[in-house]
Each structure stands twice: as structure tokens, then as C-alpha cells.
Amino acid sequence: MKIAMVDTTLRDGEQSAGLIFSAAEKAAIAKALDEAGVFAIEAGIPAMGKDEQFALREILAHNLKAQVIAWNRASREDIQASIDCGFVFIHISVPVSDLHINYKLKKSREWVLRELKDSLAYARSFGCRVFAGAEDASRADEGFFLRVAETAAAIGAERIRYADTVGCLEPFKTHEIMQRLKSRCALPIEVHLHNDFGLATANAVAAVQAGIGLVSVTVGGIGERAGNASLEQVMAALTNLHGVRTGIKRAKIPELAGIVSRACGQCERQAQ
Amino acid sequence: MEPALLFIDQTLNYALKSKRMNIADLIDIKQKIAAMAPVIFDISMSLLRNVPHISEIGLEDIRVSLPASAAQIKAAYDLGCRKFEIFFDPAGQDMSIFHRALNEAGRKGMDVTWANLNLAEYSLKTITLFQGLNRNYPVKRLVVNDIGGRLESLFTYRTLAWLKDVLPYELEYHGDNTRGLATGNALGAIKSGICRIAVSIGGVGGYPAFEEVMMSSKYLLHKPLSIPEKLALDCKEILNRMGEHVPANKPILGSRIFAHESGIHVDGVIKKSELYEPFAPETVGLTRTIIIGKHSGKAAIQQKLRELNMDINSSYIPLVLEKVRQFSIRQKCPVSDAQLPELVREAIL
């Protein structure tokens with residue numbers, strides 16, 4: 001079985017509180033990720049401003065083999081910033097749990113679907129390849145997650161991210177949910193798992209056992225709060241335990257981990 | 001009523017094995033752990049017999065791990081130990097030695113656990129041997145482990161559920177975190193109905209982390225457990241006492257697990273903390289912090305200015321945000337509370 005690793009070290013990884021990668025570090029990490037054989041690199045958020053856009057253009061200039069993706073909210077301004085940078089692969093994220101829709105957006109499920117449709121269509125009008133992201137999916141109504149996937153598929157989205165935004169899944173629930181969703185979902189599912197209870201790797205393995213073919217990871221498991229599923233651990237667990245092929249070249253991992261660790265370490269030293 | 005979980009602590013054994021600690025420190029660590037949850041402490045005989053004044057530590061909740069040797073069992077008994085974990089291989093060991101050792105233990109009315117059955121490599125022959133041993137010896141319990149952390153959660157759960165049915169013992173699970181799967185596997189054991197789980201604070205020595213197993217049992221498997229008010233602080237103090245580094249993002253314990261910087265997250269936690277936190281920081285004795293830097297949004301700037309009692313016209317917020325982003329990128333770290341007023345002045349001027 002072949003699994004695609006979608007690396008988000010440069011987006012969710014860098015969102016680890018207090019962490020800042022320089023443009024040069026971002027480019028070096030992207031190149032090392034590409035050489036290590038990740039399927040996709042979520043490179044950052046163009047809507048953050050000029051400095052981030054500069055760093056992202058540098059990455060795009062390297063014409064990497066991996067899909068290089070820009071993360072966006074469902075807003076035309078965000079997407080325009082990504083297109084202006086030169087991105088072809090566009091990830092558009094919407095919250096899907098009622099908790100997020102009611103308390104964060106203060107909107108309705110229908111509003112979310114409308115915004116997603118509009119922004120996906122907008123990105124598609126530039127010829128972009130688009131992916132949908134379902135934020136807080138693990139606390140959402142499954143029926144609504146499936147509607148989001150159907151809506152996105154109808155506009156040409158190629159996959160949907162199922163985000164365990166606060167890391168509240170455990171392996172048995174992950175397996176059960178993924179088994180149920182994979183046959184009913186209009187799009188291939190990518191699992192995005194946080195490590196708040198120390199379960200991100202175990203959950204990634206359980207998702208793959210349920211038949212999920214795309215796993216979101218970060219180098220060293222860096223990311224918001226307790227971080228994300230770690231690329232190194234997920235790769236090792238999948239290949240050692242299940243003989244799953246991830247496309248990752250093991251020999252390249254030490255160099256990649258070293259680049260990321262040095263970039264993180266420099267940040268910590270500055271903060272002291 | 002569901003039987004309560006009993007944690008089998010491995011922290012103290014690690015401290016004895018890897019760190020040079022005096023008896024006072026060991027007593028303090030042991031008391032802190034014992035206050036967290038129902039627990040017994042595994043310590044190997046080879047370590048235990050070399051600790052001066054070991055009886056001061058209180059041996060009633062210590063289980064001594066030793067090979068199947070009558071001499072060692074006697075020595076442990078003479079030290080004051082009454083709980084024993086006896087290592088042996090039923091397929092490869094001379095049973096007459098074992099017989100003598102067990103008779104010694106049985107005669108003295110001691111609490112004996114067999115160790116161990118490796119979940120990744122057991123055979124039907126081993127299972128049959130253990131089944132047979134139950135008829136001859138008064139041993140009620142068997143340790144099942146995962147040497148080298150080779151298994152995953154679903155296999156662990158399914159296999160342990162089966163072993164629970166076929167083995168005439170109370171099972172105890174000892175996981176291994178070599179591949180980062182120990183907490184998930186420990187949950188598998190708990191889900192299969194096993195109530196005795198080996199853990200160590202912070203996962204030292206490669207065991208499932210005590211705090212992760214405790215929190216995920218409570219909040220994800222909904223087991224009836226009380227979480228100590230200062231779980232994170234107590235665990236960190238124990239780890240610091242042992243000279244162990246605690247990464248800032250370590251689940252449950254890390255200093256940054258409730259630090260928020262990104263615009264969307266800060267905006268979310270201000271509106272309702274559950275949006276971006278799996279449990280409230282106070283649950284484990286930690287506090288939430290807002291960090292401002294490259295990833296900040298307007299809500300974070302507003303919140304930080306409120307915290308610092310700085311009142312500025314909201315029309316300046318985007319300008320302050322731009323200054324904050326540029327400055328933090330330049331210095332490659334977030335903007336401190338001391339640096340912010342100057343950036344606000346620059347933005348307003």
C-alpha cells in the first residue's frame with residue numbers, strides 16, 4: 001500500500017507559538033522535504049503579508065517535484081494573494097464543527113458551504129488545483145463533513161483534509177470514523193492530527209489501517225500546542241509495522257531533521 | 001462497577017538506574033507519584049539492594065523485579081519486600097529451580113506476578129505453558145509486554161482482549177515507546193479491559209507517559225479518574241529533579257502547549273477557549289499565554305494591549321500588527337511585552 005505524506009512543517013509547524021523561520025530557512029526546508037520524497041509541501045499562508053509572500057516565491061522558484069501548496073481561508077483576498085505569488089496548488093480551509101461555526105464565525109453551516117463554493121470556484125477560475133480543508137472535523141457532525149466534501153468535489157477539489165484540530169481523537173475512534181467515512185466521502189481524505197494527548201502517531205497508523213491514503217505531518221512533530229503527527233515517527237511506524245510505502249527516503253531524514261531543528265533552535269536561543 | 005485503573009510506575013526504577021539520586025530525593029519523587037493516582041512501583045532487585053537505607057522509602061507499595069531464584073526471593077523478602085515480579089521463560093527455563101523459588105514465595109504468602117509474555121512474539125506453546133503453570137502455582141497475574149514497541153494500538157487491543165479470555169490470569173500491560181505508539185497501545189490495553197498499566201512520568205525509560213495515559217483515559221476513553229490539580233507542575237518537578245529536559249511542546253506538560261500566537265487561534269481562544277484547546281489549562285495546573293509575533297492577527301494585538309493596559313484607537317491596530325510582524329521576523333523571535341510599547345509608538349507616529 002502506498003501512502004502520500006503531506007508535510008506542513010512550513011505552515012502548521014511554523015505556527016508553533018514563538019517559532020519563526022527566515023525566508024532562507026523556509027526555502028532550505030522545502031528543498032530538503034522535496035529531496036526526502038514528501039508528496040506535498042504546505043508552504044505557508046500568502047495572506048500573512050509581504051514577508052511571507054517573499055519567502056513563498058523563493059520556494060516556488062525552486063520548481064520542486066512535490067506539490068507546493070498555499071494555505072487559505074475561504075476568502076477571495078486570501079486566494080488572490082496565493083495566486084499573485086504564483087501558486088497552482090491551493091488549499092482552502094473552512095471550519096466544519098458547529099462549535100467553530102457558531103462561536104468563531106458566528107455564521108451558519110449554509111454560509112460555510114457558500115463561502116467554500118465561491119472561493120473554490122474563484123481559485124479554479126485561475127486554473128488552480130484545489131483542496132478543501134475541514135477544520136475541527138473530529139468534533140463535527142459527520143453528515144456535514146460529507147456535505148462539505150460533496151460540495152468541494154462538485155467544484156473540482158481533489159481531496160479533503162479531515163483535521164483533528166485539538167487532538168481529541170484516539171486510535172480506536174480514528175479507525176472507526178475513517179472506516180465509515182472513506183467509502184461515503186466524495187473525495188480522498190487526508191488526515192491531519194494533533195498531538196495534545198500524545199496520540200498523533202498512533203492515530204495516523206489507525207487511519208492508514210482504515211484505508212486512508214494521505215497523512216499530514218511535520219518534521220519533528222512541531223506545530224500548534226503539543227504539535228502535529230511527526231513525519232519521522234509516522235514513516236517509521238508505517239513502514240516497520242505495516243510495510244506501507246511512504247515514498248520517503250530514509251537516508252535523507254537526518255539532514256532534513258537537522259535543518260528544521262537548527263532553524264527551531266536558533267529561534268529558541270533568540271527568545272532567551 | 002468498572003474496576004479502577006492501577007498504574008505500575010517505572011519512574012523510580014529509571015531514577016535509580018540512570019541517575020545518582022539520594023534517598024531523600026527518591027522518597028520525595030515516590031510520594032509525589034503516589035499522590036497522583038493508585039500506583040505501585042516496580043524496582044529491580046539489583047538496584048534495590050544497592051540503595052543505602054532503602055527501607056526508609058516505604059516498601060509496602062514497591063514490587064521488586066527479579067529472576068526466578070530462591071536465593072534472590074529470600075534476599076528480597078529479608079529486605080522487607082512482599083510484592084514480586086518474577087522474570088522467567090516457561091519454555092526455556094529449568095522448572096525445578098522455578099518450583100523451589102515459587103514454593104519459597106508461596107510459603108511466605110507473597111504477592112507474585114509472572115513476567116513476561118512478549119505480545120509481538122508469543123506462541124501457542126507459551127500460552128499453553130502459562131495456562132499449565134496456573135494449575136501448579138498460586139500466581140494470579142501475568143505481565144504482557146511489547147519489547148521494542150513493535151506493535152500498534154488495534155493489534156494490541158484485539159490480542160489482549162483474546163489473551164484475557166484464554167489466560168487464567170489477571171493481565172498487566174507494559175508498553176514501549178520506541179516508535180511513538182506507547183500511549184495509544186496503553187489505551188488499547190485499557191480498552192481490552194486490562195486495569196494494570198505500566199507507565200513513567202514523561203515517558204522516561206521508554207514507557208507510556210503517565211500523564212498522557214491518565215489524561216487520555218479520562219478525557220478520551222471516559223474512565224472514572226481524578227486528575228491531580230497540578231498534574232503538569234508535579235510531573236515537571238519530578239523530571240527536573242531527575243535532570244530530564246522537558247520539551248516546550250511535550251503533551252500535557254510542555255511550557256508552550258497553551259501558548260497561542262497564530263491570528264486564527266488567538267481570535268478563537270478569546271471567543272471561546274474550547275475552540276483551540278482540548279482541555280482547559282487549569283485542568284493540569286498550567287496557564288494560557290498569548291504570544292505576539294509573525295503569525296499574529298488583530299485580535300491578538302488588541303488582547304495584548306488590553307493586558308498591558310494600553311488603550312489605543314482601533315484604527316491603529318493594523319499598523320501595529322504590521323510593525324509586530326516585521327520586527328519579529330527581523331529578530332527571529334516573538335515581540336516581548338517590553339518591546340511592544342515602542343512598536344506601538346512607532347505605528348502611531
Side-chain angles (χ1 to χ4, degrees), chain A residues 14-23 45 48-49 51-52 73 95 99-100 103-104 106 135-136 165-173 175 194-203 205-206 209 221-227 230 232-234 236-237 240-242 266-272, chain B residues 150-155 157 179-185 187-188 191 203 208-209 211-213 215-216 219-221 248-252 254 256-265 267-268 271-272 274-279 289-291 293-295 322 325-326 328-329 331-334 336:
Chain A
E14 200 195 7
Q15 279 180 217
S16 170
L19 181 57
I20 296 167
F21 293 140
S22 68
I45 310 173
M48 273 171 48
D51 290 295
E52 179 72 349
R73 291 166 295 189
L99 182 71
H100 272 240
Y103 289 95
K104 188 176 73 170
K106 300 183 170 54
E135 190 186 15
D136 205 29
T165 299
V166 296
C168 61
L169 286 179
E170 39 81 359
F172 315 101
K173 196 170 169 192
H175 188 261
H194 279 273
N195 200 35
D196 295 83
F197 289 92
L199 291 165
T201 305
N203 290 341
V205 170
Q209 287 175 309
I222 62 169
E224 300 268 10
R225 304 184 310 276
S230 139
E232 302 93 311
Q233 271 192 357
V234 172
N240 289 331
L241 297 174
H242 302 284
Q266 208 191 340
C267 228
E268 275 167 25
R269 280 193 297 280
Q270 289 294 109
Q272 287 157 8
Chain B
R150 290 159 61 187
L151 303 176
E152 39 71 19
S153 317
L154 298 175
F155 181 89
Y157 161 62
R179 298 199 169 105
L181 297 170
T183 300
N185 291 348
L187 292 192
K191 198 173 154 64
E211 65 282 1
E212 291 174 17
V213 176
M215 287 292 284
S216 50
Y219 289 101
L220 307 182
L221 296 187
N249 67 348
K250 187 160 183 58
I252 321 293
R256 287 282 173 98
I257 62 168
F258 290 104
H260 302 282
E261 180 189 333
S262 83
I264 293 173
H265 282 219
D267 178 50
K271 286 173 177 158
K272 193 173 179 65
E274 294 99 297
L275 288 168
Y276 288 106
E277 287 171 355
F279 50 88
T289 51
I290 304 293
I291 287 176
K294 175 184 170 181
H295 301 91
E322 191 52 33
R325 283 180 174 167
Q326 285 171 357
S328 59
I329 289 170
Q331 69 173 6
K332 202 171 155 46
C333 78
S336 69

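Small disclaimer: the values here were computed from a predicted structure and weren't measured. Below, chain A is the first sequence line, B the second, and so on; all start at residue 1.
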Checklist outcome for this item: Scored by heavy-atom pairs under 4.5 Å with chain B, the best of A/H194, A/E170, A/R73 is A/E170

Can you tell which part of [X] gets under 4.5 Å to a heavy atom of chain B, answering side chain, backbone, both or neither?
| X | answer |
| --- | --- |
| A/N240 | side chain |
| A/I45 | neither |
| A/K173 | neither |
| A/S16 | backbone |
| A/E224 | side chain |

Can you measure from [atom1] ([X]) to [atom2] ([Y]) and round to the nearest 0.5 angstrom?
| X | Y | atom1 | atom2 | result |
| --- | --- | --- | --- | --- |
| B/S216 | A/L199 | OG | CG | 5.0 Å |
| B/L220 | A/L169 | CG | CG | 8.5 Å |
| A/L19 | B/K332 | CG | NZ | 6.5 Å |
| B/L181 | A/T201 | CG | OG1 | 6.0 Å |
| A/I20 | B/H295 | CD1 | NE2 | 7.5 Å |
| A/D51 | B/K294 | CG | NZ | 8.0 Å |

Next on the checklist: Is it the case that the side chain of A/R225 and the backbone of B/P251 share a donor-acceptor pair, with hydrogens and angles ignored and the cut-off at 3.5 Å?
Outcome noted: no

Item to check | Side chain A/Q15, main chain B/S262, donor-acceptor under 3.5 Å | outcome: no

Next on the checklist: Working note: B/K272 + A/L99, criterion side chain to side chain contact (heavy atoms under 4.5 Å, CB included); need CA distance, chi angles, decisive distance, verdict.
Outcome noted: CA-CA 9 Å; B/K272 193 173 179 65; A/L99 182 71; 3.8 Å; yes

Checklist entry - Taking 4.0 angstrom as the limit, do A/E52 and B/R325 come out as a salt bridge? => result no

Measure [X] against the heavy atoms of chain A and call it side chain, backbone, both or neither at under 4.5 Å.
| X | answer |
| --- | --- |
| B/L275 | both |
| B/E211 | neither |
| B/F155 | neither |
| B/A259 | both |
| B/L151 | backbone |

Next on the checklist: In the structure I gave you, are the side-chain heavy atoms of B/E277 and A/V166 within less than 4.5 Å of one another anywhere?
Outcome noted: no

Item to check | Close side-chain approach of B/T183 to A/F197, heavy-atom, < 4.5 Å | outcome: no

Checklist outcome for this item: Residue from B/H260, B/R179, B/E322, B/R150 scoring the most non-hydrogen pairs under 4.5 Å with chain A is B/R179

Item to check | Residue among B/A209, B/S336, B/P278 with most heavy-atom pairs under 4.5 Å to chain A | outcome: B/P278

Item to check | Step-by-step side chain to side chain contact (heavy atoms under 4.5 Å, CB included) determination, B/Y276 to A/H100 | outcome: CA-CA 9 Å; B/Y276 288 106; A/H100 272 240; 3.4 Å; yes

Item to check | Trace of the side chain to side chain contact (heavy atoms under 4.5 Å, CB included) decision for A/K104 with B/I264 | outcome: CA-CA 9 Å; A/K104 188 176 73 170; B/I264 293 173; 3.7 Å; yes

Next on the checklist: To check you understand the geometry: which heavy-atom pair defines the closest contact between A/P171 and B/G184, and what is its length?
Outcome noted: CG-CA, 4.0 Å

Checklist entry - Should the pair B/K271 and A/Y103 be classed as cation-pi, given the thresholds of under 6.0 Å to the six-membered ring centre and 45° from the axis? => result no

